[in-house]
Every structure is written in C-alpha cells, then in structure tokens.
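In listed order, ligands and their atoms are each counted from 1.
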Amino acid sequence: MRSIVDQLIHSGIASKQDIALLLQCKGDDRAYLLEKSKEIKEKYIGKKVYFRGLIEYSNICAKNCYYCGIRRDNKKVERYTISDEEVLEAARFAYEKNYGSIVLQAGEISSPQYVHHITALLKQIKTLSHGKLGITLSLGEQSEETYREWFEAGAHRYLLRIEASNKDLYHKIHPNDHLHDFEVRKNALLTLKKVGYQVGTGVMIGLPYQTFDDLASDLLFMKELDIDMCGMGPYIEHAETPLYELRNSLMPLEERYDLTLKMIAILRIMMKDVNIASTTALQAIDPIGREKAITIGANIIMPNITPQKYRDKYFLYENKPCSDEDAEDCIKCLEMRIKFAGGEIGYGEWGDSKHFSGFGLFLLSKQIHARPTDGNANRCWAIRCKI
Ligand code: SAM
Ligand code: SF4
C-alpha cells in the first residue's frame, strides 16, 4: 500500500486497481495515507481554511434524482425561494463578517425569468460588497449562454457534482430521461471550463450499487478533467426518496465517513493544489467530521448563512446539521472547530484554487493579446487572478 501512496506523491497518478486497493486500506497503511495527505496539504496549501457562506436559495427543483430529499416528486417538502432582500442581507452578513465568498445553491430551474433574476442578484451582490465578495454558484445544469451571463455578472466559481462518473451507476441513481442525462452533465462541466469558471465537481460516497472501482474511477475522472475544486461527501439516505428502499444494502455510516476521508486524502495527493471542501454531510455522521477532513486534506468550509426559517426545508438527507443554529452561532462554533483542527481562517480572502490561479495567469497573458478590445473581460480576468 505504501508504495502506491509514494507513487501517487511522485507522479500524481496510479492505476484504477491500485487506487481501489488504497481505498480499502486499514491500520498503519490508512494512517500512512492520511499522514502523507496532511503533509501535502501543509506544503502546497498551508494552514488556511477559506469560508464560503452557503445560501440555500431555493428548494424548487425540476429534477427527480433518486437520492435527494428535495426532488421534484417529494410532495412532503414545503417549497420556498428566498426573497431578494433576504439573499442580499445574507450576502451583506458574509461581507461584513469578512467571509470572503458566498455560494448560491439551489434546485435546478432554467426558465429565462429565473436566469435573469439570478443575474440581477449577482450584480447586486457584487455592488453591495464593492466587488469584494467572491461568488460560487451551484445551480445545476444550464446552457452555455446562461453560464456565460452569470459569469459576466460576477460569479467566478461553479460547483457541479458529476455524482457518479460511471455512466451505468449514474443511470441507476437517476431517472432514465432527458433531464438526467450523464453526457449532458459531463458536457456541462466542460462548458463551465470553457466559459472561464473555476470548476468544481464531486461524487457521493457509499451509494447503493457503488464499488471501490467506481470510486477509484471517480478520482481518475477528476484528475482527467483537471478540476480546480472538489466537493464530495458521504451519501446519506432520505426516507422520501426511491433509493431509501435499498438502505439495508448500504455500508454503515461510519464506513461511508471513513471512505470519504480516504477519498479526500487520495485526491489531495493526486491533485496537490486544488481546493477541497469539507462538506456538511461529514458532520451529519461525526460531530467533528468536517474538522477531521480539514486536518487531513480539505481546505474549504461552507458555513450555512441561509435565513433560519428556510433551513428545515432544505433537507437533502437525514440528520443534516446546523438547521437550528443562526449564522452567528454557526461562525463562533466553526472558528473554534477550525482552530482545534490546526487551521486558521483566511478571513476576507477569496481563497481561489491555486490550481486555477496558475493556469489563469497563463491564460491571462494569452487573453490580453487575443481579445484586445474586450476591456471588461480583461479586467475580470485580472481581478479573478488577483493581479
Ligand atoms: N441542484 C444542484 C445540483 O444537483 O447540482 C445543486 C444542489 S444539490 C442539492 C447539491 C448536492 O447535494 C448534489 O450535487 C448531491 O451530491 C448532494 N445530495 C443530494 N442528496 C444527497 C444525499 N441524500 N446524500 C448526500 N448528498 C446529497
Ligand atoms: Fe434537484 Fe440537485 Fe436534488 Fe437533483 S440533487 S433533485 S438536481 S436539488
């Protein structure tokens, strides 16, 4: 096992079979993997942990993913969309508390009114923060035109989990229709890159039907796609979803949790300078789950700043944490937890993916020559690349 870790450290790559073996390591081998990942994080990323204030903007969704508590056909969910005033208030809170960035996340809607509404909100968030708040979007699959409109309005990072990079598995956890097409989702990731976003993807870990080979392929998929950011977490069942009936076939929650830590560790070693989120689902399993992930390799945390009254309506899975705390409580407890994990918060910083920044600088030099008349685009790039 150690030789696989060492190979990954030196070349950043290993075979699917070797990665699958590594995902099953135990005892001293597991300790070695986590220790090396920790060392690499310290060397390439440092101690800083960056905040993304998470605004769960709407639980209205046109899609029907078999695992998700807010899927279209769950009639028990009371649907909401946060008012503009409340979104701006949450963004102002993040700005005043020096979070550096926010994430706007929601179910998937693609109507022209919705798209333009988000554009207007993005511009207002940029204005109220004097351009200082970084904005990540997680609003699902959209057209290239939409991605471009939102990018030009000020969003610069986008999270779109592939959920499962094995097409067969993908189709087992989604309905088989045009709204849930693996190729469309994969192409959306390529489109996001083309438009210029820092692109993040990820998967759920411990899904029904999922094998170690699948998870190894997921990591190789991320490497091949050359992602800038990753958000992956344990799959947690929800009673009002079709996959719930397979709950007895799942590995125990603690194992899903441990497997997530190993996935993070291996990704950190394979892709040394990407941003890796320590996701909320980790905390749903272990009260200090996110802190452990920070210690061994993750560097992003998303404190929930959704107005309190909406929190219990965005239940993607059971035991979702922090639903009864307000944003102030959340930040105090997080500060303590990150310190405990040996990290320090990068207040007021965007904390962009170093993986992207290097590439962005390279592109910037090309873009200035390629698009001499597009002053705005160049200015955007300069800001994004922190020049
Ligand atoms: N609708 C957008 C999309 O699907 O890309 C963004 C919001 S969606 C709620 C965000 C993520 O929640 C999904 O990418 C999925 O991985 C995760 N999720 C949904 N149901 C889950 C579950 N039961 N357990 C763990 N994660 C879940
Ligand atoms: Fe909708 Fe996203 Fe949930 Fe799928 S995962 S049902 S797209 S909110």
Asker: Is there a nitrogen or oxygen of Gln105 sitting under 3.5 Å from a nitrogen or oxygen of ligand 1?
Answerer: no
Asker: So for Ser138, does at least one of its heavy atoms come nearer than 4.0 angstrom to any atom of ligand 1?
Answerer: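 Right, Ser138 reaches ligand 1.
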Asker: Check this for me, if you would: do Glu86 and Lys309 make a salt bridge, where the nitrogen-to-carboxylate-oxygen distance has to be below 4.0 angstrom?
Answerer: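 Looking at Lys309 together with Glu86, the answer is yes, because their closest N to O distance falls below 4.0 Å.
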Asker: Does ligand 1 come near enough to Tyr235 that some N or O of the ligand is less than 3.5 Å from an N or O of the residue?
Answerer: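 It does not: no N or O of Tyr235 is found under 3.5 Å from an N or O of ligand 1.
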Asker: Kindly assign one of parallel, tilted or perpendicular to the pair Tyr114 and Tyr57, based on the angle between their ring planes and the thresholds 30° and 60°.
Answerer: tilted
Asker: What protein atoms of element N, O or S are positioned under 2.8 Å from atom 3 (Fe) of ligand 2?
Answerer: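 Result, waters dropped: Cys68 SG.
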Asker: For ligand 1, which is the ligand I care about here, please tell me if Arg185 has any N or O atom under 3.5 Å from one of the ligand's N or O atoms.
Answerer: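 Yes - when backbone and side-chain N and O of Arg185 are compared with those of ligand 1, one distance drops under 3.5 Å.
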Asker: Measuring from the heavy atoms of Pro234, does anything fall under 4.0 Å of ligand 1?
Answerer: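 It does, in that a heavy atom of Pro234 comes within the 4.0 Å cut-off of ligand 1.
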Asker: Tell me, which protein residue and heavy-atom name are nearest atom 17 (C) of ligand 1, and how many Å apart are they?
Answerer: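 Of the protein heavy atoms, Arg161 NH1, 3.7 Å lies nearest.
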Asker: Between Tyr147 and Tyr158 (judged by ring centroids, cut-off 6.0 Å), do the two rings come close enough to count as a pair?
Answerer: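 Judged by ring-centre distance (under 6.0 Å), Tyr147 and Tyr158 do meet the cut-off.
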Asker: Tell me whether Arg157 forms a cation-pi arrangement with Tyr197, defined as NZ or CZ under 6.0 Å from the six-membered ring centre and within 45 degrees of its axis.
Answerer: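 Not flagged: Arg157 not positioned over aromatic ring of Tyr197.
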Asker: Could you tell me whether Ala106 and ligand 1 have an N or O pair separated by under 3.5 Å?
Answerer: yes
Asker: Atom 22 (C) of ligand 1: which protein heavy atom is closest, and how many Å away?
Answerer: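 For atom 22 (C) of ligand 1, the nearest protein heavy atom is Ile236 O, 3.5 Å.
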Asker: With a 4.0 Å cut-off, would you call Glu144 and Lys194 a salt bridge?
Answerer: yes
Asker: Can you check whether Tyr314 has an N/O within less than 3.5 Å of an N/O in ligand 1?
Answerer: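 Tyr314 vs ligand 1: no N/O contact under 3.5 Å.
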Asker: Is the closest basic N to carboxylate O distance between Arg247 and Glu237 below 4.0 Å?
Answerer: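 Answer for the salt bridge query: no.
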Asker: Salt bridge or not for Arg92 and Glu89, using N-O below 4.0 Å?
Answerer: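 Result for this pair is no, no salt bridge flagged.
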Asker: Using only atom types and a distance under 3.5 Å, with no angle test, would you say the side chain of Thr146 pairs donor to acceptor with the backbone of Gln142?
Answerer: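 Side chain of Thr146 to backbone of Gln142: no pair is present.
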Asker: Does the protein put a heavy atom less than 4.0 Å from atom 2 (Fe) of ligand 2?
Answerer: no
Asker: Is it the case that the side chains of Ser143 and Arg148 hold a donor-acceptor pair, with the cut-off being a distance below 3.5 Å and no angle test?
Answerer: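 No - no donor-acceptor pair under 3.5 Å links their side chains.
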Asker: Counting the benzene-type ring for Trp, do His174 and Phe182 have ring centres under 6.0 Å apart?
Answerer: no
Asker: Give the single entry among Glu141, Glu108, Arg71, Glu163 that approaches atom 13 (C) of ligand 1 most closely by any heavy atom.
Answerer: Glu163
Asker: Identify which one of Asp352, Leu137, Thr136 satisfies the side-chain contact (heavy atoms from CB on, under 4.5 Å) criterion when paired with His156.
Answerer: Asp352
